[in-house]
Protein chains: 2
Amino acid sequence: MKSGQVTIKDIAKELNISCSTVSRALKDFPGISPTTRKSVVELAKKYNYRPNAIALSLRNQKTNVIGVVIPETVHFFFSTVISGIEDAAMKEGYNVMICQSNEKYEREADSIDALMGARVDGLLVSISRETADLAHLKKVVDEGTPMVFFDRLVEGMNASSVIVDDYQGAYDAVEHLIKQGCKHIVHLSGPDNLIIARKRKEGYLSALEDYQIPFTEEYIVECRNGSEIEAEKAMSDLLKSSIKIDGVFANNDLAGLGAISAVKKAGKSIPKDIAIVGFSNWQFSSLINPGLSSISQPGYEMGCEAAKLILEEINAKEKGKSQIKILDTELIVRDSSKRLH
Amino acid sequence: MKSGQVTIKDIAKELNISCSTVSRALKDFPGISPTTRKSVVELAKKYNYRPNAIALSLRNQKTNVIGVVIPETVHFFFSTVISGIEDAAMKEGYNVMICQSNEKYEREADSIDALMGARVDGLLVSISRETADLAHLKKVVDEGTPMVFFDRLVEGMNASSVIVDDYQGAYDAVEHLIKQGCKHIVHLSGPDNLIIARKRKEGYLSALEDYQIPFTEEYIVECRNGSEIEAEKAMSDLLKSSIKIDGVFANNDLAGLGAISAVKKAGKSIPKDIAIVGFSNWQFSSLINPGLSSISQPGYEMGCEAAKLILEEINAKEKGKSQIKILDTELIVRDSSKRLH
DNA sequence: CTGAAAGCGCTTACAG
DNA sequence: CTGAAAGCGCTTACAG
């Protein structure tokens, strides 16, 4: 027996019939004699025949693969999004090919080229922190490959997106802090080129305004890479300064953790002296001490929705209008912000 | 201009030359006039030509894709393994296609079929908790597709593996507990069909024996799914029983967290009354309270080594002997087990 | 220096 | 009911 996987040709040869007939027998094509069908199916099973997806893709001009470009799969939020994408895609007979940008523009562009070279039927992307120039994305859309953005919105492109209501989530977080009695709320923000970061900042500012809390620029500190270390350092510096602080709204949970460490090290009590809320409701935010209050984002659902949108576009005869789907967040209150009334 | 990506044929037509010439011009083939080469290259760039990887795969009988079957990407340990695989594979010009089994046998078998259908050049697999029958894996090896196992070893198959020294890691953990003065050490074990679970149990037993600590079966409790909840429940039950307990060696960090919760809820002090060590050194084990001591596994390195092994096999003319690469673990002591001397 | 032909695995319109 | 042919995009041995 030859090595490697069996092909239609192998089966045809052994049965002394044509490839056409084998192909038809394998797919319940009408008008095939029951005898030949039976022998073909049996031989296929015996040799463990699997249709060659590569050949099918070439023939059908369709790979049934959707490409995903994502900053980092090690982030719990993103890994839940991926699960959602995979489940929804698999249900429709699609495979998923994932590339991580590691938050680098160049790797993002390379990943997109690789995926386009692999002729994916559609692309799901969440841009990197570094990405400012959108030419690599525009090229894809111009070439007619469907593309949907998730989580990190992109402006000025004719493409659908599924995002979370970052503005409202941030507003809810800050309103909650205010209701706990905070009047001097720091915002550890994300990089300004990410729309999600700008939206969260807007939510923060709106809440302050609505509750007539005075604000100065010093209360916003940008954390570029979103790491715990960076946030801890930023927060420590703030605590050493003369600014008054009794609350922190962190743009993500890792930054929230950094804030917790910094406040603990400074010998202040959480939430009594300083109440803290994060964003994203990281998997184990409940397990740290104190439990970190957070804005929960529906990652799995986001993945499903993004997959559904891209599949819709792939199957549409012509390009429809781009949609934007906004998912709700939910405030989860834990000990880091729960003051007694 | 036609929609979709540009092909060699499109370029040939526009330049009034043959596909052969375009193909050769694009790849610096010797014996192509500089003028034609120049015009081809320019047009390719203008139209953003990308070689069709599908067509190449079919032609070359090689996809340059390696398939990965992994229990769950949401586990931090596995996500670091994936990063290692991706980096090492990318460096050699390979792409990676990942399928999650979600710890289910059936989904694992389906994933392998899908990957084989996609004609991946090699397969990297870490079996699910459920997997006992190995027929689906044997079939792949018989068909001549290289396969390497990582983390979860499989016995009775002629395939290379890269694993961690689970026995030694467990031994180190338990020896450490003994040196902290523990004499009644519970083991929250994994399912017996996983070799890693059996090895860790052996390490536990050996350490007890070497230090002449008496042992009864009651001290081992199997946690099938490895969740925090399950371990917390198991530990709570133990604490309510009449068994004496002053130490816990958990087969993974989530189980360790469950143990911490249970012990706290029972009003005992950690590590004074009960010292706890986990396994795997989960990303944020240091952030919970108390910090969970653990056995650190080199996930990224494991991914790199697994990728290197599979690439070796893919490029080997004939099947060599299968190797087994064992990586060292490291005991990380934190507050959950650090007693004062 | 360039082109026509064959082939990778599969499907399907066209004949018979 | 079955087969020969063409074609998806690409490469390369063979001619010229």
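Letters A, B, ... are given to chains in the order of the sequence lines, protein chains preceding strands, and every chain is numbered from 1.
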Please report the C-alpha distance between B:L124 and B:F150 in whole Å, then the side-chain angles of each, then the deciding distance to 0.1 Å, and finally whether the side chain to side chain contact (heavy atoms under 4.5 Å, CB included) criterion is met.
-> CA-CA 7 Å; B:L124 255 27; B:F150 61 93; 4.0 Å; yes
Contacts to DNA chain D from residues 15-25 of chain A, heavy-atom cutoff under 4.0 Å, which residues?
->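 Nucleic-acid contacts, sorted: A:I17, A:S18, A:S20, A:T21, A:R24.
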Strand contacts (DNA chain D) in residues 48-55 of chain B, 4.0 angstrom heavy-atom criterion |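 Within this stretch, B:Y49, B:P51, B:N52, B:A55 sit under 4.0 Å of the strand.
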With respect to the side chain of A:I32, which nucleotide from D:dT2, D:dG9, D:dT11 is positioned closest?
-> D:dT2
Which nucleotide in the list D:dT2, C:dG9, C:dT11 gets nearest to the side chain of A:R59?
->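 It is C:dT11.
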Side-chain donor-acceptor distances from residues 299-307 of chain A under 3.5 Å, at least two apart:
{"residue": "A:Y300", "atom": "OH", "partner": "A:D87", "partner atom": "OD2", "Å": "2.7"}
{"residue": "A:E305", "atom": "OE1", "partner": "A:K325", "partner atom": "NZ", "Å": "3.2"}

Give a yes or no on whether A:K91 atom NZ has more than 12 heavy-atom contacts from other residues, nucleotides or ligands under 6.0 Å away.
->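 No.
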Each base of DNA chain D marked ( ) or [ ] if paired in-strand (Watson-Crick or G-U under 3.5 Å), | if paired to another strand and . if unpaired gives |||.||||||||.|||
Residues two or more places apart in sequence or in another chain: which of them pass salt bridge (Lys or Arg N to Asp or Glu O under 4.0 Å) with B:E86?
-> none
Distance test, side-chain N/O of [X] to OP1/OP2 of [N], below 4.0 Å:
X     : N      : value
A:K27 : C:dT12 : yes
B:K9  : D:dG7  : no
A:Q61 : D:dG7  : no

Within this structure, what is the [atom1]-to-[atom2] distance between [X] and [N], rounded to whole angstrom?
X      : N      : atom1 : atom2 : result
B:L26  : D:dT11 : CG    : C1'   : 12 Å
B:F29  : C:dC1  : CZ    : C1'   : 12 Å
B:L58  : D:dG7  : CG    : P     : 17 Å
B:Q5   : D:dC8  : CD    : P     : 16 Å
A:L56  : C:dT11 : CG    : C1'   : 8 Å
B:R37  : C:dT2  : CZ    : C1'   : 13 Å
A:R119 : D:dG9  : CZ    : P     : 8 Å

Is the closest side-chain heavy-atom distance between [X] and [Y] below 4.5 Å?
X      : Y      : value
A:V65  : A:D121 : no
A:R129 : A:R152 : yes
A:L137 : A:M147 : yes
A:E143 : A:M116 : yes
A:I66  : A:M97  : no

Closer to the 5' end of DNA chain C via nearest nucleotide, is it B:P34 or A:I8?
->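 Here B:P34 is the residue nearer the 5' end.
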In whole Å, what separates the [atom1] atom of [N] from that of [M]?
N      : M      : atom1 : value
C:dT2  : D:dG9  : P     : 24 Å
D:dG7  : C:dA4  : P     : 15 Å
C:dT12 : C:dG16 : C1'   : 16 Å

Got a sec, which residues hit ring-ring contact (aromatic ring centres under 6.0 Å, His included) with A:F29, two or more places apart in sequence or on another chain?
->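 A:F29: no ring-ring contact (aromatic ring centres under 6.0 Å, His included) contacts found.
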Counting only N and O atoms by type, is there a donor-acceptor contact under 3.5 Å from the side chain of B:S111 to the main-chain atoms of B:R107?
-> yes
When all nucleic acid strands are considered with a 4.0 Å heavy-atom cut-off, which category describes B:S57: base, sugar-phosphate, or nothing?
->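 Nothing, no nucleic acid heavy atom in range.
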Sole candidate of B:E313, B:E312, B:K321 that passes side-chain hydrogen bond (donor to acceptor under 3.5 Å, both in side chains) when paired with B:S160 = B:E313
